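This structure is in structure tokens; I'll ask about it shortly.
All of these numbers come straight from a predicted model, not from anything done at the bench.
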Amino acid sequence: MAKKSTIGKQSSEGAVRAGSAGGLSRNALLLIVTGVVLAVALIIILQQTLLRGSNAAVSGGPATQAGSEAGPADAAVTVAVYSDFQCSHCKSYMQAVESSLLREFVDTGKVRYDYRHFIVISRESYDAANASECAGEQGFFWPYHDLLFEQQGLQGRDTVSKTNLKVLGKRIAGLDLSQFDACVDTGNYVEQVYREMQEGKDKGVTGTPAVFVNDKKLDNGQDYQQVKAAIEAALGN
């Protein structure tokens, strides 16, 4: 009895197996590409969420005067800091020194405090400095200052792009956004930033943060105890 030929059957089965393997490879590739796209989308969404925070308005009314100064104009002691909103050391100074200094000496009326701009990081730092002064002209420099340091670096330099600077403005309760946005776009205070930088250079500032007590530069302005001691000495305590 003649045997049935299996050659055609074996060839057909091989083609099926090869097709199945090819199909699995394509499916796996599709899954990988889909996963990458979803991961990128998730990162973008997370960054936007971090930038916007809870979208809740930042509390705190206008300062007693417009601009980047706080405390009584006739205070016996003036403390000034030259700083950049993108500088990580400046953020550390804000958290470890500035907040305590404002609470202990400025809020109690003993010291006048002045935040001055000194750009060391990038061109975008000028836009951030300008935006802070745009908020300051309406009396909201300090809430905006806090937001800029809080958001520092979450999207790299894009964190302080003009678009994101205006997004942050939406979180300041009471800020006139049309006035603020126009000020951000036109760079109303960039010349002031340049002047403050030159003033700092004339006083020997080479990096940030640089802290002065009655125009005397401190060796280590990031040490709160040194800043406090210099203030108390100037007050005659």
Side-chain angles (χ1 to χ4, degrees), residues 60 63-122 124-136 139-153 159-160 189-237:
T64 53
Q65 60 272 323
S68 57
E69 299 177 341
D74 59 350
V77 175
T78 297
V79 176
V81 60
Y82 289 86
S83 181
D84 183 328
F85 286 114
Q86 289 196 94
C87 161
S88 60
H89 294 297
C90 297
K91 181 174 181 176
S92 296
Y93 164 84
M94 185 273 288
Q95 295 171 329
V97 178
E98 186 177 82
S99 57
S100 296
L101 191 159
L102 291 172
R103 182 174 59 254
E104 187 171 354
F105 292 101
V106 179
D107 292 347
T108 56
K110 299 176 182 177
V111 165
R112 182 174 181 80
Y113 188 76
D114 190 4
Y115 182 101
R116 298 173 186 172
H117 305 287
F118 196 90
I119 307 306
V120 295
I121 301 299
S122 72
E124 289 78 6
S125 290
Y126 287 97
D127 292 330
N130 174 70
S132 71
E133 296 293 342
C134 291
F140 293 99
F141 174 85
W142 294 104
Y144 197 81
H145 153 285
D146 293 348
L147 273 177
L148 283 173
F149 278 124
E150 174 193 309
Q151 299 294 322
Q152 187 185 91
T159 301
V160 289
Y189 292 92
V190 171
E191 287 301 320
Q192 175 182 322
V193 175
Y194 280 114
R195 288 196 301 271
E196 291 184 2
M197 284 189 65
Q198 186 58 55
E199 174 190 87
K201 291 176 182 178
D202 292 343
K203 291 182 177 181
V205 175
T206 56
T208 56
V211 182
F212 290 77
V213 175
N214 282 353
D215 284 331
K216 181 179 180 181
K217 188 175 181 295
L218 302 186
D219 293 332
N220 184 10
Q222 290 183 273
D223 180 351
Y224 180 64
Q225 292 306 315
Q226 183 179 132
V227 177
K228 181 177 179 178
I231 292 172
E232 291 180 337
L235 287 171
N237 295 343

*Locate the shortest heavy-atom distance separating Met94 from His145; write the atom from each residue and the value.*
CG-CE1, 3.6 Å
*For Val97 and Gln222, work out which heavy atoms get closest and say how close.*
CG2-O, 3.4 Å
*Shortest non-hydrogen contact from Leu148 to Ser132?*
CD1-CB, 4.2 Å
*asked:* Counting C-beta onward and ignoring hydrogens, is there a side-chain heavy-atom pair between Ile231 and Leu101 closer than 4.5 Å?
replied: yes
*Taking the side chain as every heavy atom from C-beta outward, state whether Tyr113 and Val81 have any pair of such atoms under 4.5 Å apart.*
yes
*Nearest 0.5 Å please: distance from the CZ atom of Phe212 over to the OG1 atom of Thr78.*
13.0 Å
*Check Tyr93, Tyr115, Phe118, Tyr144 against Phe85 for a ring pair (Phe, Tyr, Trp, His ring centres under 6.0 Å) and give me the one that passes.*
Tyr115
*asked:* Does Lys228 form a side chain to side chain contact (heavy atoms under 4.5 Å, CB included) with Phe105? I'd like the steps, not just the answer.
replied: CA-CA 9 Å; Lys228 181 177 179 178; Phe105 292 101; 3.8 Å; yes
*For Arg112 and Gly71, indicate whether the former's side chain and the latter's backbone hold a donor-acceptor pair under 3.5 Å.*
yes
*Output yes when a side-chain donor or acceptor of Asn130 lies under 3.5 Å from a complementary backbone atom of Tyr189, and no otherwise.*
yes
_I need the Gln95 CD to Glu150 CD distance, nearest 0.5 Å._
10.0 Å
*Could you tell me which non-hydrogen atom of Ser83 sits nearest to which non-hydrogen atom of Phe149, and how far apart they are?*
OG-CZ, 3.8 Å
_Show every salt bridge (charged side-chain N to carboxylate O under 4.0 Å, His left out) that has at least one partner inside residues 211-223, sequence neighbours left out._
Lys203-Asp215
*Could you please spell out the steps behind the side chain to side chain contact (heavy atoms under 4.5 Å, CB included) verdict for Glu133 and Ser68?*
CA-CA 7 Å; Glu133 296 293 342; Ser68 57; 3.5 Å; yes
*Quick one: does Gln151's side chain have a donor or acceptor within less than 3.5 Å of a partner on Thr159's backbone?*
no
*Quick one: do Thr108 and Glu104 satisfy side chain to side chain contact (heavy atoms under 4.5 Å, CB included)? Show the steps, please.*
CA-CA 6 Å; Thr108 56; Glu104 187 171 354; 5.9 Å; no
*Residues Asp84 and Ser125: side-chain donor-acceptor under 3.5 angstrom*: yes
*asked:* To the closest 0.5 Å, what do you measure between CZ (Arg195) and CZ (Arg116)?
replied: 12.5 Å
*Specify the closest pair of heavy atoms between His89 and Thr208, including all atoms of both residues, with the distance to one decimal.*
CB-O, 4.0 Å
*Test side-chain hydrogen bond (donor to acceptor under 3.5 Å, both in side chains) applied to Tyr82 and Glu199, Lys201, His117, the passing residue*: Glu199
*Work out which heavy atom in Ala129 is nearest to a heavy atom in Val193; give both atom names and the distance.*
CB-CG2, 3.7 Å
